[in-house]
Amino acid sequence: MTLTRAIHKGISLRSTGRIGAALVTGALLANAGPVSAQQQDILFLSTQLRPIEEAQKVRSVILKDFPGKVTYLVEEPPAFDVRMKAEGQAGKRTISVAGALHGELQPLVTSGDLTPIDDIATKLADRGIPANLMELGKLGTSSQMYIPWMQATYIMVANKKALPYLPAGADINALTYDQLEAWGKALTEKTGKRLIGFPAGPKGLMPRFYQGYLYPSFTGGVVTPFQSADAEAMWGKFKGLWQFVNPNSTSYDFMQEPLLAEEVWVAFDHVARVKDALTQAPEEFVTFPAPAGPKGRGYMPVIAGLAVPKNAPNPTGAAELIAFISKPETQVKTAAEVGFFPVVKATLPADLSPGIKLIAEGVAKTQNAKDALPALLPVGLGDKGGEFNKVYSDTFQRIVLRGEDIKTVLASQAGVLKGLMEATKAPCWAPDAPSQGACPVK
């Protein structure tokens, strides 16, 4: 199943739907004569490519050849949502292009902070963006609300030193969680070290593992079956696996460093956060999909989009910038520099670095797995996304790290989750079944 097909499959289940920089309140150039769109500064606010190195690559490499002046700003998703809505309410818009994940842009439609960009979509019709991704960009409306920007997912990476310890008969491209645990046990028994790693640090993306991989694979959902019998069994299984996980995982934000240092031999993370390991030492690693559980091989397709805020100060410059970012050559450069892959029709060059090829292989294996179960990023939570993630992180800490009773913890955290869903009125997203109103926690 291709990524676009996977998302299409996920969306068919319901009809709708990264350190922060200082905020800059830019005053547009005030000359006596008319100022062209390219002369005006285009403020581009993004929740993606936030780490300093990645943001610098956006500014100095990816956008280097854009003829206009762009100020690239980054924010954590909650602050992004607050700023976008606050500028709209104050009637003092400074941002001309907003880049964020699908689920982070969705609430801005409800609040009226995005403007339809059908005209931009028409001009980019020849770029070869899949129709279902463009449909996704309508955010449940009849108009184009964002242009797909780039796509990614999460994969597993293993040092080739770990391969001899795979369980007998196991296919690394079709592992189960039982086999991953057996692999970890064998590694610990043979080396005396816990060599599996997860990004469970304070700025790691571990919540996406729970929401896009663990829960879907074991329960078939994310919210509704949160405290189900399947969820109880899942947490018991993950607690068993954790005894073979490097305890430093609770401080890991990016898995590329521990992989390169050989602190871990097997790791899970977002493709952009293992990229340095794979590009610096491609001959040492293999990439493969996350394991499968009883309900399938849960995985989270990540789609980022480019939108134009309502009353943007430089809509012409915004359209030009979006068109530039959508060029095949810009998209290929984005893949090579930061590990996010094209949404337009673009052929990755034959001389692409071996490390990026490894990422591409891992992504393809994940998308094309016969038991692939796409789980969308949370939708409709607005500035409550952080609290939503905390429910899952707290559940992990209480059950796996502190050893509290599984059923008791799930009942307690389910109450918090239910309150969040009711407060935001966020309906269910795939793979949970569609809901009328707030997604139920059963």
Side-chain angles (χ1 to χ4, degrees), residues 1-10 151-188 190 195-199 206 208-222 230 233-238 240-242 244-245 255 259 264-271 274 277-278 282 284-302 341 354-355 357-376 430-431:
M1 183 184 299
T2 64
L3 175 59
T4 52
R5 287 177 58 204
I7 292 173
H8 185 64
K9 178 180 178 182
Q151 60 183 336
T153 189
Y154 299 70
I155 58 174
M156 298 286 292
V157 178
N159 190 304
K160 291 180 180 178
K161 292 179 180 180
L163 301 183
Y165 304 102
L166 272 166
D171 178 355
I172 194 171
N173 293 315
L175 288 180
T176 65
Y177 280 92
D178 285 336
Q179 291 173 327
L180 179 61
E181 181 177 342
W183 193 8
K185 181 180 181 181
L187 287 168
T188 299
K190 298 296 183 180
L195 292 172
I196 295 177
F198 286 93
M206 196 66 178
R208 299 309 188 210
F209 172 73
Y210 310 132
Q211 300 156 8
Y213 295 79
L214 198 61
Y215 256 96
S217 297
F218 281 85
T219 73
V222 181
D230 287 338
M234 174 199 80
W235 282 112
K237 174 63 63 178
F238 194 57
L241 169 62
W242 198 261
F244 308 115
V245 171
M255 293 311 302
L259 280 166
V264 302
W265 284 5
V266 180
F268 167 92
D269 209 345
H270 188 285
V271 293
V274 294
L278 298 177
E284 296 182 12
F285 300 105
V286 294
T287 55
F288 54 101
K295 302 295 185 181
R297 195 173 304 276
Y299 87 99
M300 182 173 277
V302 180
F341 288 84
K357 287 182 180 178
L358 276 174
I359 293 176
E361 290 172 4
V363 171
K365 291 172 184 176
T366 297
Q367 297 165 356
N368 295 321
K370 61 182 180 181
D371 54 353
L373 177 60
L376 299 184

When rounded to the nearest 0.5 angstrom, what is the spacing between CZ in Phe288 and CD1 in Ile172? 4.0 Å
What is the minimum heavy-atom distance between Gly293 and Tyr177, and which atoms define it? N-CD1, 4.0 Å
Can you name the closest pair of heavy atoms from Ala372 and Pro374 and give their distance? O-CD, 3.7 Å
Listed by chain and number, what are the side chain to side chain contact (heavy atoms under 4.5 Å, CB included) partners of Lys237, not counting sequence neighbours? Asp178, Glu181, Phe218
Where is the tightest heavy-atom contact between Ala375 and Pro301, given as atom of each residue plus distance? O-CD, 3.6 Å
So which heavy atom on Pro431 is nearest to which on Gly221, and how close? CG-CA, 3.9 Å
Shortest non-hydrogen separation from Thr366 to Gly362 and the atoms involved: OG1-O, 2.9 Å
Could you tell me whether the side chain of Leu241 reaches within less than 4.5 Å of the side chain of Ile196, counting heavy atoms only? yes
For Lys357, is the NZ atom crowded, meaning more than 12 foreign heavy atoms sit under 6.0 Å from it? yes
The salt bridge (Lys or Arg N to Asp or Glu O under 4.0 Å) partners of Lys160 (sequence neighbours excluded) come to none
Excluding sequence neighbours, so at least two apart, what forms side chain to side chain contact (heavy atoms under 4.5 Å, CB included) with Ala162? Trp183, Leu187, Trp265, Val266
Would you call Tyr299 and Leu373 a side-chain contact if the rule is heavy atoms closer than 4.5 Å? no
Sequence neighbours left out, what pairs pass salt bridge (Lys or Arg N to Asp or Glu O under 4.0 Å) with at least one residue falling in residues 287-299? Asp230-Lys295, Arg297-Asp371
Are the aromatic ring centres of Phe268 and Tyr154 under 6.0 angstrom apart? yes
Identify, with sequence neighbours excluded, every residue that meets side-chain hydrogen bond (donor to acceptor under 3.5 Å, both in side chains) alongside Tyr215. Trp235
Rounded to the nearest 0.5 Å, what separates atom CG in Asn159 from atom CD in Glu284? 6.0 Å
With ring centroids as reference points, do Phe238 and Phe209 lie under 6.0 angstrom apart? yes
Heavy-atom donor-acceptor pair, Thr153 side chain to Val363 backbone, under 3.5 Å: no
With side-chain contact (heavy atoms from CB on, under 4.5 Å) as the test, would you mind laying out the steps for Ile359 and Phe341 before giving the verdict? CA-CA 10 Å; Ile359 293 176; Phe341 288 84; 3.2 Å; yes
For Asp269 and Met255, indicate whether the former's side chain and the latter's backbone hold a donor-acceptor pair under 3.5 Å. yes
Could you list the residues that satisfy side chain to side chain contact (heavy atoms under 4.5 Å, CB included) with Thr287, not counting sequence neighbours? Ile155, Val157, Leu278, Leu358, Glu361
I want to check something: taking the side chain as every heavy atom from C-beta on, are Pro291 and Thr176 in contact at a cut-off of under 4.5 Å? no
Gap separating the CE atom of Met156 from the CG atom of Leu175, nearest 0.5 angstrom: 7.5 Å
Could you report the tightest heavy-atom contact between Tyr213 and Gly298, atom names first, then the distance? CD2-O, 3.0 Å
